[in-house]
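Atoms within a ligand are numbered from 1 in the order they appear, just like the ligands themselves. The shown structure was predicted, so the numbers you read here are calculated from the model rather than taken from an experiment.
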Amino acid sequence: MQSKSSFDRLWMPFTSYQDCIDNPPRIIEYGSGIYVFDKEGRGYIDAIGSWWVNIFGHNNPEITDAVKKQLDKIEHVIMAGFISEPSLELSGLLGSILPKNLSRIFYSDDGSTSVEVALKIALQYHALKNSPRSEFVALGGAYHGDTLGAMSVGMVPQYHSLFHERFKKQHFTDSPYCYRCPAGKNCSSCNAECMDSLQKILEEHGEKIAACIFEPMVQGAGGMRIYPEKVLKRIFSLCKQYDILTIDDEVAMGFGRTGKMFACEHAGKTPDIMCLAKGLTAGYLPLAATVVNEKIFKEFQGDYKSNRTFFHGHSFTGNPLASAAACASMKLLTNNNIPQSLNNIIETFSKGLSNFNKFDIVGDVRSIGMVGAIELVKDRKNKEKIPADLRFAHKVTQRAHKYGLLIRPLGDIIYFMPPYIITEEQIENMFFLTEKALKETIDENISDLR
Ligand SMILES: Cc1ncc(COP(=O)(O)O)c(C=O)c1O
C-alpha cells in the first residue's frame, strides 16, 4: 500500500486539490496493449492514449525491445559536438515520412518545447532578415502547451486568461468551432467564414506578424473542435497572400491520428514549420521535434561570428533512449502502412460513436480519423450548456473509471483517442462502458438537467 504521506506530497497536473482528495489517483503498475492495470490487477481501457501519446499500445514488444537494447549501450549523451546513433537514425526515418520541403529537424523534449522552439525560430528568422515582425497570430480556442510562450498563443480561457493578463497576448482569430459556428453557418453553407477574422488581423497587423500558428483540423484541448479542410486551406492561403510564416502544430494530430500521416495533408499544404511530439515515441519517453524548411534554415547558416546560431537546447535534447523508442515507433508506422491501414478501424470507430446521437443530452458527435468526441448539452434544440457547477462530464468520466475505462472530460466534451491497435470488439466495449456511465449519470442528475 502507498502511504498516505506519499499522496500528501503530490501536486497533480490539471487537477484541483479537492478532486485529488475525493478521487485519489489509481496506481498503475503495468500496461499491455490498450489496457493499463492497477495494483489490484484491475484493467482500464486507455481510451485517450494517456493524453494522446500512445499510438501502438502499452508495452509494445518492438518499442520495448528497442529501448532495452539502447539501455545496454548508453542512456544519454550531450547533443552538441556529439550525438547518439538513434538520434541520427531518427532524423533519417522522420525525413522519409515528412512532407518533402521540411528538411531540418530540431529536437526538444515535449510538445510545449517544440512550440517554444518554433516561436523562437520564427522570431530569430525575421530578426536575421532585419524585419521588425515580432507578433503572432493564433486561433481562438487554441492550445499549444503550458510554457509561457506556448500559452501566449493559446486561447482556452480556463487555462490562459490569468496569464494573458500578465504578459504579452498575441492576436487571435475566431475559433473554427463548427458546432457553435462564430459565423452562424453550418457544414453545407460554410465557406470558412470563421477565418474572415484572420484576414482582418492580417490586413491590419500583417506587417508586424512573425507567424501564424494553428492546430491542423482539430483543436484538441480546446474541446476536440474538428473543423473542415476548407478552413485549413484558407489559413494557408491567407498566410501565403500576406507572406506570413505558417507554424503547423501537429503535436497531437501528427503521425496518422486524423487519418493522414500529418493533418496538414488534408489541405494539401506544407507549412514552413511543423511541431511534433506525443506519437513520436508512441508515448514511451518525452521527445519532440520542430521541423523547418530550407528557406528558414538558410537564414541560420553562418559561422560563430555571424550571430546566426540558434541558441536553444535542453539537457536531454536528442536523448538516445527516447530516440530509440521514436525510431521503433517510426518503423511501426511505415511497416504497418499507417494511416492507410487504419481505414477499417476508423469506420468502426466513427459508426460506434454516432450511436451516441440517440441521447438527448448529446448535442454533437464528431470524429476524424481516430479522434472522436461527444459534446453534452442541456438542451439539444438551442445548444444550451449544462450548468458548469454540475460537472456532468466529469461525473461521467469518474463513473467510467469505476467500470474500467480511462477517459477524461474537456469541459462538457467526452472524447476518445485510443491507440491505433484497438480492435473492433474493444471499440464496442469502450463505447458500451461509456454509454453505461453516461446513462447512469443522467439518471442520477435528472432533476438538475431539466
Ligand atoms: C496541439 C498541442 N500542442 C502542444 C501541446 C503541448 O504538449 P506537451 O503536453 O507535450 O507539452 C499539446 C498538448 O496536448 C497539444 O495538444
- prompt: At what distance is the nearest protein heavy atom to atom 3 (N) of ligand 1, and which residue and atom is it?
  reply: Asp249 OD2, 2.7 Å
task: List the closest protein heavy-atom neighbour of atom 16 (O) of ligand 1: residue, atom name, distance to the nearest 0.1 Å.
output: Trp52 CZ3, 3.4 Å
Closest protein heavy atom to atom 12 (C) of ligand 1, given as residue, atom name and distance to 0.1 Å: Tyr143 CE2, 3.6 Å
message: Closer than 4.0 Å to some heavy atom of Ala252 - which atoms of ligand 1 meet that?
response: 16 (O)
message: Looking at Lys402, I'd like to know if its NZ atom is crowded, meaning that more than 12 non-hydrogen atoms belonging to other residues, nucleotides or ligands lie closer than 6.0 Å.
response: no
statement: Looking only at non-hydrogen atoms, the one of Gln219, Lys278, Glu116 nearest atom 9 (O) of ligand 1 is Lys278
task: State whether Phe255 and Lys278 meet the cation-pi test: NZ (Lys) or CZ (Arg) under 6.0 Å from the six-membered ring centroid, and within 45° of the perpendicular axis.
output: no
task: Please identify which atoms of ligand 1 are closer than 4.0 Å to at least one heavy atom of Asp110.
output: 10 (O), 11 (O)
- prompt: atom 5 (C) of ligand 1: which protein heavy atom is closest, and how many Å away?
  reply: Val251 CG1, 3.7 Å
field: Atom indices of ligand 1, in the order listed, that fall short of 4.0 Å to a heavy atom of Ser112
entry: 6 (C), 7 (O), 8 (P), 11 (O)
field: Met330 backbone acceptor or donor facing Thr334 side chain under 3.5 Å
entry: yes
- prompt: Which is closest to atom 8 (P) of ligand 1 by heavy-atom distance: Pro216, Ala142, Gly111?
  reply: Gly111
query: For the residue pair Met195 and Asp174, what are the closest heavy atoms and their distance?
result: CE-O, 3.7 Å
- prompt: Roughly how far, to the nearest 0.5 Å, is CG of Asp249 from CD1 of Ile273?
  reply: 11.5 Å
message: Looking at Lys73 and Glu85, is any side-chain nitrogen of the basic one under 4.0 Å from a carboxylate oxygen of the acidic one?
response: no
message: Rounded at 0.5 Å granularity, tell me how far CD1 in Ile414 sits from NE2 in His394.
response: 11.5 Å
